[in-house]
Amino acid sequence: MSDAKAATVASRAGDPEISPGLVAEHGLSEDEYERVLGILGRPPTFTELGVFSAMWSEHCGYKNSKRLLMLLPTEAPWVIQGPGENAGVIDIGDGLALAFKIESHNHPSAVEPYEGAATGVGGILRDIFTMGARPVAVLDSLRFGDLDSPRVRYLFSGAVRGIGDYGNCVGIPNIGGEVFFDRAYEGNPLVNAMCLGVMKTDEIIRGEASGVGNTLMAVGARTGRDGIHGATFASEELSEDSDEASRPRVQVGDPFTEKLLLEASLELIRSGHIVGIQDMGAAGLTSSASEMAGRSGSGVEIDVARVPVRETGMTPYEILLSESQERMLVVARKGEEEEVRRILEKWELEAESIGRVTDDGRFRVLEDGVVVADIPALPLTEGCPTYEREGVEDPAVIELRERDLSRVLGKEGDLSEVFMTLLASPNLASKAWIYEQYDTTVRTNTVQRPGGDAGVIRFRDTERGVAATTDCNGRYCFLDPREGAKAAVAEAARNLVCVGAVPTAVTNNLNFGSPLKPAIYFQMREAVQGMAEACSFFETPVTGGNVSLYNETGGRPVYPTPVIGMVGVLEDVSRAIGHGFRSEGDSIILLGETREEIGGSEFLYRTEGVVAGRPPRVDLVAERQLQRAVLALIRDRLLHSAHDCSEGGLVFALAESAVGGGGSDGPEPWGLEVEVNAPFSPVALFFGESQGRVVVSCDPDRAGEVLALAAEHNVPGTRIGTVGPHRGTFSVSAPLGFIRVQSSEIARRYREALPALMEADQP
Amino acid sequence: MKVAVITFPGSNCDYDCYKALQLLPEFEPHFVWHREVALGPVDAVFLPGGFAHGDYLRAGAIARFSPIMDAVLEFGRSGGIVVGICNGFQVLCESGLLPGALLRNESLRFRSHEVHVRVETVRTPFTSAYEKGRILRIPIAHGEGNYFANAETLAELEGEDRIVFRYVTPSGELGPGSNPNGSRHNIAGIVNAQRNVLGMMPHPERSVEPLLGSTDGRGIFESLAGHLGGIPA
Amino acid sequence: MTRFHLEIRVKPRPGLLDPEGKAVHHALQSLDFSGVAEVRVGKVIDIEIDATDRSEALERVREMCRKLLANPVTEDFDVRVADQIVYTGDAA
Amino acid sequence: MTRFHLEIRVKPRPGLLDPEGKAVHHALQSLDFSGVAEVRVGKVIDIEIDATDRSEALERVREMCRKLLANPVTEDFDVRVADQIVYTGDAA
Ligand SMILES: Nc1ncnc2c1ncn2[C@@H]1O[C@H](COP(=O)(O)OP(=O)(O)O)[C@@H](O)[C@H]1O
Ligand SMILES: [Mg+2]
């Protein structure tokens, strides 16, 4: 079809007239609409307007984030695929490649937590296996309001069930994640899911529609009216009546079909009958088809009348923008469509030829042969205007950060009571209520299950393994976005080294409020710069990620939450260690320096109800030295356990190592006798969240070696105590204060806190 | 000896079973797709865990009608060794090869963690390598593992020594906290009257390597190897 | 050929414990709904089927229940056209 | 106080994907049950409740549906006493 003819596209009977109002409803500004006119050389049809609206939404077009994302380091010798594809891919040795990515489903989860979270997992799995990798693990990073609200409990339990039911059914083990509860997330929870997949380095395939004449095939589930304009929806603030407004948008997941799609896709990719494959995710057929065309520089032509549908009377607009789940767009080699169909039939899936690859660089859509959209592909996929917004820090935040907290540091003497109250905080208590709803051992590769610092997966027929973690403390980021983002990267890396893995690469999920607000854009810019600095420093390039903006309700934004998903490699996975103490009499050693820091801590939130002060400072140089020391210690098999100090501070690191496991299958808790010396407040000493610290335990005879090796790395190390007997006393003392509690009592509180909160409305 | 591992659409522990079997030199495992109608010459059949046909309607309800199931029933009824793990157990109950049914967990929640089960009988081809009363630490991962059968059936199972595994506390009691899903009589696994068909909810194939935390499940595979080794092919 | 819309209700057999019903009952109480004496949760399956006449449609659907839709060990079912009960029985 | 037996039917909202219905439909076909045009799977909840009169019982149960028993985003429900439909509506 010639471009001359393409210049005119008759408007389709029954489609609404294009009006300024309609354009505005589609979230396009006047300038953006001008740009559309420029690209087309004529007014768009209704269908074309929908296409532009979706492709130029925040979700697909990264309007307000692209310029910031360019600051992130993306390169390293081991990076095979950086940002821009369905997922990043790195070389992990032994001819293996790891594909991994994190994705958010915040808005859908706020409306329908079960389906929203479930389909979030479905989407990230597809991003991984469309790279040619077999998913081997998932993690989930969650943020919710305080659990005293029934609505929050409903959202939280629904999301956890959704994540579990989906991943369990597909058969991908969950190896970790995080959850954080704070008022700031009350109306707008965050549900981010991360997936890791493995392939041989030469099995990678990309989302490209190449080879003129090749056939585009729609594969998997049929197309319904689900989630139409989900992409735009994900880019709007949740209105009070979102439930109502977004009803027809709810996407229902079918993990069973996903499992078939997973097996079929991998078989297809290995078969060589296809040249490209992509998930029909956000903006469905529109984005998959146009992006595949854009990437390869060719064009595509599809006829929506050939797309298998679930509902009658669907318009081109609806078919193009539907976000029905468990669908793929596949580019089959010309003449090999039958082989493709045969493979899908074996997996009881449908495949329809819906179009072909062209050489005219256009994204052309027909309905029964009649052109309904005809757009140059590159301007559509790459031409989305990007903005640099004004960013100014909110003075109120400055005031909070500078607040004087010396008063709260005054508490002295017996702090056992405080400790017991904090143990009941869902942010500090065991997360087993969550991860015991997730299959963590299917595929029989899980070396470290959720509950420790990072999950670990082994690779059969090699000695290798990979560790993964997600981290971010939204309070730190709220009080100081730059330091907070650095802290997130540092903690992620620290979690990895604690199991013996070398931090290797990063995926990230930027969860923020509206970028149109200077205070929010400031947070975004600062956080991204902090992340960039830390990632460059640790040599952990960012290979991909996701941006979720407009996370606000009633104008109230969530905390800036740049979630870091980090992966690390273990050359000898048999050396991996956990965070739980291993035997009575072992020496307990604290590596790293404790400062008098209490700002942004869980202690402040629970005891004073405030989020204020300077968040713990990150000293990147000290962090790196600490991490190298811990890696060396684990490599030399000197340690029995290692656990990083994070929320709750030193005492919680000790408590978690003593309890060993948060679950129904947790071991007997250990007692301990610890004495810490620092010339300042016991509150800061016990509950302060200074970064760059790791609690390790080792055979008493090796303590000297451990301290020496630490010193070699210029890491301050102190032997602070000894592991006591099973069910013994947990005793931590400092010059000005002490904690003395039965370890069995700690284990009980730690394990029962979250179930108690959740089962308020359960039998 | 040849072991068929049946793969249903939605099975996701088939590969795990296959790998666990391979750890013993006696076994030559191979996959059999559910659409096959014949088993061929095999010494044992494994129905693996997972979500066959998505577990829609009831776990195992649709899978039991897969074409291969006629051959499996035939094989089991004529004394052939059949092992159903988790979803496989559910399929065996739905198909009638084992009595009873597996209802939703009492908590209504999927439960995934290690449990302790007590070996209640060693008079089976699956447990002869254990000593009676041995306590095993093995993971469960299921939403519908709540074993139910009517009073007569339960009495039969008890009377005929057909309860193979029972959920217990770490110290081996049946007391509170021992039962993860509400199963009658704490039942975690049973055999049929001829004792050649085993169904169990816990995942022994996940407990066969030290690196993965426990080897308590090995005994089942070793017992089987011993038993089949004793049978002249 | 006529198209019949049949509704099947599959319910846990009386006397047999029904974890879901129990949970719902408890949840209702914690929401202060008083006076609830019992709750049972089952499945309702709507089937649209083409058949020459009503009794053929019914017979086919009853067969589906016995074979697949209800578990004879734990469930009872009934089938009706529109809203009038046409057949009751347990799956045994 | 009278005791009323109410039956609630909660069904996936039309147009929303119903994976369970889809799977059951597929299974029926492979069992050679011909002529099945559509299958949708929902829940049936039987509630026994004490109330002064029927309209109070109904009102309470409708409230339960809105609050707990039906998902306002994905499901519709109806409530009836015995077998006669008394109220229809979606969970809004
Ligand atoms: N949503 C979740 N899903 C799976 N595992 C989780 C989740 N939340 C927390 N966990 C696990 O619980 C443990 C404690 O979480 P967290 O306190 O965030 O650890 P850390 O502070 O070391 O990152 C970790 O092992 C984590 O993987
Ligand atoms: Mg953390």
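Atom set for the values below is all heavy atoms of this structure, side chains included, hydrogens, waters and symmetry mates excluded. Below, chains carry the letters A, B, ... as their sequence lines are ordered, and counting in each starts from 1. Predicted model only: the values in this text are computed from it and were never measured.
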Colleague: Can you say whether B:Ser207 sits under 4.5 Å from chain A via the side chain, the backbone, both, or neither, judging by heavy atoms?
Modeller: neither
Colleague: Any chance you could measure A:Arg443, atom CZ, to B:Tyr15, atom OH, to the nearest 0.5 Å?
Modeller: 8.0 Å
Colleague: Any non-hydrogen side-chain atom of A:Arg458 less than 4.5 Å from a side-chain atom of B:Leu212?
Modeller: yes
Colleague: Closer than 3.5 angstrom, by distance alone: can the side chain of A:Arg161 be matched with the main-chain N or O of B:Phe110 as a donor-acceptor pair?
Modeller: no
Colleague: Check B:Arg206 with A:Asp439, please: is the shortest side-chain N to carboxylate O separation under 4.0 Å?
Modeller: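 B:Arg206 and A:Asp439: salt-bridged.
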Colleague: Using a cut-off of 6.0 Å, state whether more than 12 heavy atoms not belonging to B:Glu209 lie near its atom CD.
Modeller: yes
Colleague: Provide the closest heavy-atom pair for B:Phe51 versus A:Phe256 in the form atom of the first, atom of the second, distance.
Modeller: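 Minimum heavy-atom separation between B:Phe51 and A:Phe256: O-CD1, 4.2 Å.
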Colleague: Can you confirm whether more than 12 heavy atoms, excluding those of A:Lys346, are under 6.0 Å from its NZ atom?
Modeller: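 Yes, the 6.0 Å shell around NZ holds more than 12 heavy atoms from other groups.
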Colleague: Any side-chain heavy atom of B:Tyr56 sitting closer than 4.5 Å to one from A:Asp254?
Modeller: yes
Colleague: When you look at A:Asp665 and B:Arg137, which way does the side chain to side chain contact (heavy atoms under 4.5 Å, CB included) test go after all the steps?
Modeller: CA-CA 9 Å; A:Asp665 53 4; B:Arg137 190 178 164 94; 4.2 Å; yes
Colleague: Quick check for you: among B:His203, B:Arg111, B:Arg35, which has the greatest number of heavy-atom pairs under 4.5 Å with chain A?
Modeller: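 Highest number of pairs under 4.5 Å: B:Arg35.
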Colleague: Go through the atoms of A:Thr440 and report whether side chain, backbone, both or neither lie under 4.5 Å from a heavy atom of chain B.
Modeller: both
Colleague: So do the side chains of A:Arg449 and B:Glu114 get within less than 4.5 Å of each other, counting heavy atoms only?
Modeller: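 Yes, their side chains come closer than 4.5 Å.
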Colleague: Is there a donor-acceptor pair closer than 3.5 Å between any side-chain N or O of B:Asn12 and the backbone N or O of A:Asn168?
Modeller: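 Yes; judged by distance alone, with no hydrogens or angles, the pair exists.
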Colleague: If you define the side chain from C-beta out and look only at heavy atoms, does anything of B:Ser112 sit under 4.5 Å from A:Tyr435?
Modeller: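 A side-chain contact under 4.5 Å is absent here.
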Colleague: Mind checking the OG-CD spacing from B:Ser107 to A:Gln437? Nearest 0.5 Å is all I need.
Modeller: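 Reported value, rounded in 0.5 Å steps: 8.0 Å.
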Colleague: With rounding to the nearest 0.5 angstrom, report the CZ to CH2 distance, B:Arg109 to A:Trp433.
Modeller: 5.5 Å
Colleague: Using heavy-atom distances under 4.5 Å, tell me whether B:Pro139 contacts chain A through its side chain, its backbone, both, or neither.
Modeller: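 Just the side chain, heavy atoms under 4.5 Å.
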Colleague: Ignoring hydrogens, what is the shortest heavy-atom contact between B:Asp16 and A:Val442? Give both atom names and the distance.
Modeller: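 Taking every non-hydrogen atom into account, OD2-C, 3.8 Å.
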Colleague: Considering non-hydrogen atoms only, spot the tightest contact between A:Cys169 and B:Gly54 and give its length.
Modeller: SG-CA, 4.4 Å
Colleague: Given that the side chain runs from C-beta out, which part of A:Val170 has a heavy atom under 4.5 Å from chain B: side chain, backbone, both or neither?
Modeller: backbone
